[in-house]
Amino acid sequence: MSDGSSPQPLPALAPGGAADPAPAPWALLAPAQRDDPQADTAQSDTAQSDTAHADTAQSDTAQAEPAQVDTWSDPSPLPPPSAPPERARSSALPIVAIVLSSLALAVSGLVLALLLVLGGLIYYYGGAPYELSDPVGGYSSVYTPGRVTDSSGAVVTDVGTYDRPATLGEHTLSWPTVSGGVVEVTVTEVDWEADAAVAADPANPPPDPSAGYVLATVDVAYTGPGGTVPTEDLYLCLESMSWVSCHMDLDVATAAPIRDIGALTDGDRATAIVALELAEGERGSALISVETIDGEPLYLAER
């Protein structure tokens with residue numbers, strides 16, 4: 001054609017034979033352009049003006065039709081992201097406090113244990129020396145100290161311990177009681193070879209095969225308020241280098257059993273004979289110990 005217009009592509013045939021005009025390239029992006037009269041005029045102009053009008057049509061279409069925004073690739077239309085919340089500042093102070101408190105507890109426990117051990121060692125090795133004090137009545141400690149008096153009633157302060165025993169038949173042992181009275185014990189006689197005397201009662205058992213019987217005569221007196229029951233409140237034992245025997249552990253009947261003595265009150269006095277056992281060959285180191293239910297033991301030996 002010689003009218004100066006640009007050649008147009010042949011219309012495509014539809015499956016039924018009708019011509020289906022091909023859409024313009026910009027029609028895919030801006031469908032409203034098809035009804036724009038400026039676009040039809042641009043197609044009938046010259047090739048140079050066709051190009052110019054095409055650009056103008058595209059510009060007009062862009063102004064007439066809202067721009068379609070790709071929100072997946074262009075983040076500009078999206079609201080600005082909010083700032084991430086400020087992370088709480090971590091601090092090492094709680095951990096340090098826990099560690100210090102645990103360390104303080106451990107140190108205090110160690111110090112307490114050391115003090116207990118040190119106190120026990122001081123008490124055992126460096127405590128006050130044993131002293132025989134004049135009884136004042138009642139508990140003065142866990143074990144009430146006793147006293148030793150001679151035949152005249154004078155207090156003797158340097159005897160009665162295991163290393164310095166009092167003398168059998170000469171010294172009297174005494175202790176205060178809870179009720180405020182005083183119980184006195186004197187071992188007046190000891191039969192070191194008492195197998196025959198004990199065997200006189202057929203109900204008595206024989207002594208231990210490696211030991212023999214000993215009979216001790218004990219005089220018990222009580223003064224002051226309250227009272228005492230010797231079979232319950234007194235403990236008499238025989239000790240040597242490798243032997244210990246106590247009267248409450250032996251079921252031996254004597255001529256005057258201590259269990260036959262009832263309660264003693266102010267001014268009462270009674271005598272009992274208790275049976276003890278002693279290992280053979282240990283008479284030279286034998287000591288008789290006497291103590292009350294709450295009193296410290298006092299020791300007696302032959303002169």
Side-chain angles (χ1 to χ4, degrees), residues 81-149 155-166 171 173-185 224-226 228-249 276 279 282 285-301:
S82 59
E86 184 179 358
R87 180 176 299 177
R89 297 180 180 179
S90 60
S91 175
L93 291 179
I95 300 177
V96 174
I98 293 174
V99 172
L100 291 179
S101 61
S102 301
L103 183 60
L105 289 175
V107 172
S108 61
L110 181 60
V111 171
L112 179 59
L114 291 176
L115 289 177
L116 292 176
V117 172
L118 184 60
L121 293 176
I122 293 175
Y123 177 81
Y124 188 80
Y125 292 104
Y130 178 85
E131 295 181 1
L132 297 175
S133 62
D134 193 10
V136 295
Y139 289 97
S140 60
S141 64
V142 176
Y143 296 102
T144 306
R147 71 176 182 182
V148 180
T149 56
V155 177
V156 181
T157 60
D158 59 347
V159 296
T161 64
Y162 186 89
D163 296 329
R164 300 190 305 274
H171 292 143
L173 316 177
S174 61
W175 298 263
T177 64
V178 178
S179 59
V182 176
V183 58
E184 296 180 342
V185 177
T228 186
V229 180
T231 189
E232 298 177 359
D233 298 339
L234 290 181
Y235 300 91
L236 290 92
C237 300
L238 187 58
E239 303 181 23
S240 64
M241 294 297 296
S242 61
W243 187 268
V244 176
S245 171
C246 296
H247 82 279
M248 69 285 288
D249 299 329
L276 303 168
E282 296 197 14
S285 62
L287 299 176
I288 291 180
S289 66
V290 184
E291 60 185 290
T292 62
I293 192 171
D294 64 313
E296 292 180 343
L298 295 177
Y299 294 89
L300 297 162

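In what follows, residues are counted from 1 in the order of the sequence shown. Below, each value reflects all heavy atoms present in this structure, side chains not excepted, and no hydrogens, waters or symmetry copies.
Arg147 places no side-chain N or O within 3.5 Å of a backbone atom of Val156 that could act as its donor or acceptor partner.
Between Leu298 and the choices Leu173, Val159, Thr161, the side-chain contact (heavy atoms from CB on, under 4.5 Å) rule is met once, by Leu173. Under the side-chain contact (heavy atoms from CB on, under 4.5 Å) rule, Thr228 has a single partner from Val183, Leu234, Ile293, which is Val183.
From Glu291, atom CD reaches atom CG of Leu236 across 9.0 Å, with rounding to the nearest 0.5 Å. Interatomic distance, Ile288 CD1 to Leu276 CG, rounded to the nearest 0.5 Å: 6.5 Å. In this structure, NE2 in His171 is found 8.0 Å from OG1 in Thr149, a value given to the nearest 0.5 Å. In this structure, OG1 in Thr292 is found 9.0 Å from OH in Tyr235, a value given to the nearest 0.5 Å.
By the 4.5 Å heavy-atom criterion applied to side chains, Leu287 and Leu300 are not counted as neighbours. With a 4.5 Å cut-off on side-chain heavy atoms, Tyr143 and Pro145 do not count as touching. With a 4.5 Å cut-off on side-chain heavy atoms, Thr157 and Val155 count as touching.
Inspection of the Glu282 and Ser242 side chains reveals an N or O donor paired with an N or O acceptor under 3.5 Å.
Glu239 is linked by a side-chain contact (heavy atoms from CB on, under 4.5 Å) to Tyr162, Val244, Ser289, Tyr299, counting only residues two or more places apart in sequence or in another chain. Val229 is linked by a side-chain contact (heavy atoms from CB on, under 4.5 Å) to Thr231, Glu232, Asp233, Ala263, counting only residues two or more places apart in sequence or in another chain.
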